[in-house]
Amino acid sequence: MEPDVLGPPYERQTIDLGVDDEGPVVATLVRRRAERPTRRAVLYVHGFVDYFFQTHLADFFAERGWDFYALDLRKYGRSLLTHQTPNFCLDLTDYHRELDAAAKIIRDDHGHDVLLAVGHSTGGLIVSLWAHARRDSGIVDGLVLNSPFFDINASWVVRRPLLAAVSRLGRRAPRQVVPLDLGTAYGESIHSDHRGEWSYDLAWKPLAGFPVRAGWLGAIRTAQRQLRAGLDIPVPVLVACSTRSFRGRRWHESAGVADAVLDVEHMVRYAPRLGRHVTVARFDGGLHDLTLSGTAVRREVFTEVGRWAEAFLDAGPTAPADGAPRDARRGAVPRSRRPADSVGVTPS
């Protein structure tokens, strides 16, 4: 491995994925090793218009003995090459190749016995389909899904008839830009140059996102239809999300205490279709990436993830000596948000 852009203790390894119609393709596996490893590992997968920068999430697991790995998927973040269309794909199963490679490195090359996959947003959809496809291999021991992308956040007319038409367009002109405004409310709620407390590379994670293309939407629609039809993930799954959604595209104070990207009710509705053992936890005041929420909310998120891992993965102690994970940005003064107070469980 070589040094990562985050600096020590982060290091990275490039995964060569050959070529596609745009040229060479790579993925990037980032590692942060625990000081007292336990042969347990986390594999984190980001969402759309995203990459790994949440070092406080890595700290949380590393302090508990988990070696932390994060995968920047092809055409995202560290893996985005100059000749490529950012964040583009035609089939979400294409990502299984780098997920398989990352899991092999973690398990076979680095000697880990337990692998927890953590997926945020689109990453949550991707790792769900991957865990289903690899259900007989024993490659994954548990899933944590942070605000997973189970359906399009739009009206029924847009989600079904209109997107069906876009999917047909995607087969003819896959890189055709779809006039879908992602808005800036979420980006403003998290970035330190605006109303948030987090610093990250705006070239890799632009405030208003990258253009949405017809072929990508078609791939998302196909994957979501498969998930809603029902998966058979045999390992325990934790689905975590906010208690409410914000539906505006421009900033409003409500965007600072809600999921400003997806409809959280979709996550709750479709969670039981993942498999036979699914837990749902909801956090009042949570943002789309729950780990980027205000201090009190993310403390509740980390506490719940730790309890869940201890219960279902025999993960040992769930809290460091000071009782809270370190923040990625030292000296930050987080904006006040209400703590999580709603946690529910779906029957397994």
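At distances below 3.5 Å, at least one donor-acceptor pair connects side-chain atoms of Y186 with backbone N or O atoms of D289. Judged by distance alone, with hydrogens and angles left aside, the side-chain atoms of H56 form a donor-acceptor pair with the main-chain N or O of T291 at under 3.5 Å. Checking side-chain atoms of S242 against main-chain N and O of G286 turns up a donor-acceptor pair under 3.5 Å. For the pair R273 (side chain) and L227 (backbone), a donor-acceptor distance under 3.5 Å is absent. With T184 contributing its side chain and L207 its backbone, the two residues share no donor-acceptor pair below 3.5 Å. With hydrogens and angles ignored, the 3.5 Å screen pairs a side-chain donor or acceptor of Q84 with a backbone N or O of L81.
In this structure, M1 is a member of the same hydrophobic cluster as Y51, with clusters built from ILVMFWY side-chain heavy atoms closer than 4.5 Å. Linking ILVMFWY residues whenever their side-chain heavy atoms come closer than 4.5 Å, directly or via other members, leaves V26 and L43 in distinct clusters. L80 and Y95 end up in different hydrophobic clusters when Ile, Leu, Val, Met, Phe, Trp and Tyr side chains are linked at under 4.5 Å. W198 and L202 fall within the same hydrophobic cluster, defined by Ile, Leu, Val, Met, Phe, Trp and Tyr side-chain heavy atoms under 4.5 Å apart, directly or through other members. In the hydrophobic clustering of ILVMFWY residues, with side-chain heavy atoms under 4.5 Å counting as a link, V177 and L90 come out apart.
With rounding to the nearest 0.5 Å, the separation of NE2 in H96 from CD in E98 is 9.5 Å. Taken to the nearest 0.5 Å, the CG atom of L129 stands 5.0 Å off from the CG atom of L125. Note that the CG atom of L290 and the CD atom of E300 stand 12.0 Å from one another [nearest 0.5 Å]. L217 contributes atom CG, which lies 6.5 Å from atom CG of L180 (distance to the nearest 0.5 angstrom). Taking OG from S79 and CG from L71, the interatomic distance works out to 7.0 Å, rounded to the nearest 0.5 Å. Taking CG from N87 and NZ from K205, the interatomic distance works out to 9.5 Å, rounded to the nearest 0.5 Å.
Residues F52 and W204 are not in side-chain contact: their nearest non-hydrogen atoms beyond the backbone lie 4.5 Å or more apart. Residues P272 and V278 have side chains not in contact (no heavy-atom distance under 4.5 Å, counting atoms from C-beta outward). The shortest side-chain heavy-atom distance between L313 and W308 falls under the 4.5 Å cut-off. At least one side-chain heavy atom of L145 sits less than 4.5 Å from a side-chain heavy atom of F150. Residues T55 and F60 have side chains not in contact (no heavy-atom distance under 4.5 Å, counting atoms from C-beta outward). Residues D20 and K75 are in side-chain contact: their nearest non-hydrogen atoms beyond the backbone lie under 4.5 Å apart. Taking the side chain as every heavy atom from C-beta outward, R298 and T295 approach each other to under 4.5 Å. Contact check for D4 versus R78: side-chain heavy atoms found under the 4.5 Å cut-off.
Residues A34 and A62 come closest through the heavy atom pair CB-O, 3.4 Å. Between G119 and V127, the closest heavy-atom pair is CA-CG2, 4.1 Å. Taking every heavy atom of both residues into account, C241 and M267 meet most closely at CB-SD, 3.4 Å. The shortest non-hydrogen separation linking A58 to Y10 is CB-OH, 3.3 Å. The two residues A103 and I139 come nearest to each other via the heavy atoms CB-CD1, 3.5 Å. Here the shortest heavy-atom pairing between I106 and A41 reads CG2-CB, 3.6 Å.
Using a 30° and 60° split on the angle between ring planes, Y76 and H46 fall in the tilted class, from 30° to 60°. Relative ring orientation between H194 and H191 is described as perpendicular, the plane-to-plane angle rising above 60° on a 0-90° scale split at 30° and 60°. Taking the six-membered ring where tryptophan is involved, the planes of Y200 and F53 are tilted, since the angle between them lies from 30° to 60°.
A donor atom on one side chain and an acceptor atom on the other are found under 3.5 Å apart for W130 and D100. A side-chain donor from one of D67 and H112 sits under 3.5 Å from a side-chain acceptor of the other. With 3.5 Å as the limit, one finds a donor-acceptor pair spanning the side chains of N153 and R247. A donor-acceptor pair shorter than 3.5 Å can be found between the side chains of S121 and H288. D284 and T243 form a side-chain donor-acceptor contact under 3.5 Å, judged by distance and modelled atom types alone. With no hydrogens or angles considered, no side-chain donor-acceptor pair links Q13 and T28 at under 3.5 Å. Between the side chains of H110 and R31, a donor-acceptor pair is found at a separation under 3.5 Å.
The existence of a salt bridge linking R225 and D151 is excluded, since no basic side-chain nitrogen approaches an acidic carboxylate oxygen closer than 4.0 Å. Ionic pairing of D141 and R40 is not present here: no N-O contact between side-chain nitrogen and carboxylate oxygen is shorter than 4.0 angstrom. The pair R32-E11 does not meet the salt-bridge criterion, since no charged nitrogen lies less than 4.0 angstrom from a carboxylate oxygen. Between R175 and D21 a salt bridge is recorded (basic side-chain N to carboxylate O distance below 4.0 Å). Ion pairing between a basic and an acidic side chain is recognised when a charged N comes within 4.0 Å of a carboxylate O; R307 and E310 show no such pairing. Ion pairing of D259 with R244 is absent here, as no side-chain N (NZ or NE/NH1/NH2) approaches a carboxylate O to less than 4.0 Å.
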Problem - ring-ring contact (aromatic ring centres under 6.0 Å, His included) between F312 and H277, worked out - result: CA-CA 10 Å; F312 296 115; H277 198 143; 4.7 Å; yes

Handout entry: Intermediate values then yes/no, side-chain contact (heavy atoms from CB on, under 4.5 Å), L17 and R97
Key = CA-CA 8 Å; L17 299 171; R97 188 174 174 192; 4.0 Å; yes

Exercise for the section: Kindly indicate, with the supporting measurements, whether the criterion ring-ring contact (aromatic ring centres under 6.0 Å, His included) is fulfilled by F88 and W216. Expected result: CA-CA 6 Å; F88 183 73; W216 179 85; 9.0 Å; no

Exercise for the section: Under the side-chain contact (heavy atoms from CB on, under 4.5 Å) rule, what do L238 and V305 come out as? Steps first, then yes or no, please. Expected result: CA-CA 8 Å; L238 173 63; V305 170; 4.1 Å; yes

Exercise for the section: Test F61 against L116 for side-chain contact (heavy atoms from CB on, under 4.5 Å), laying out the working first. Expected result: CA-CA 11 Å; F61 283 105; L116 170 64; 3.9 Å; yes

Problem - side-chain contact (heavy atoms from CB on, under 4.5 Å) between Y69 and V42, worked out - result: CA-CA 6 Å; Y69 296 79; V42 171; over 6 Å; no

Exercise for the section: Carefully, step by step, assess E265 and S245 under the rule side-chain hydrogen bond (donor to acceptor under 3.5 Å, both in side chains). Expected result: CA-CA 8 Å; E265 299 308 321; S245 296; over 6 Å; no

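Surrounding CZ of R107 are more than 12 heavy atoms belonging to other residues, nucleotides or ligands, all under 6.0 Å away.
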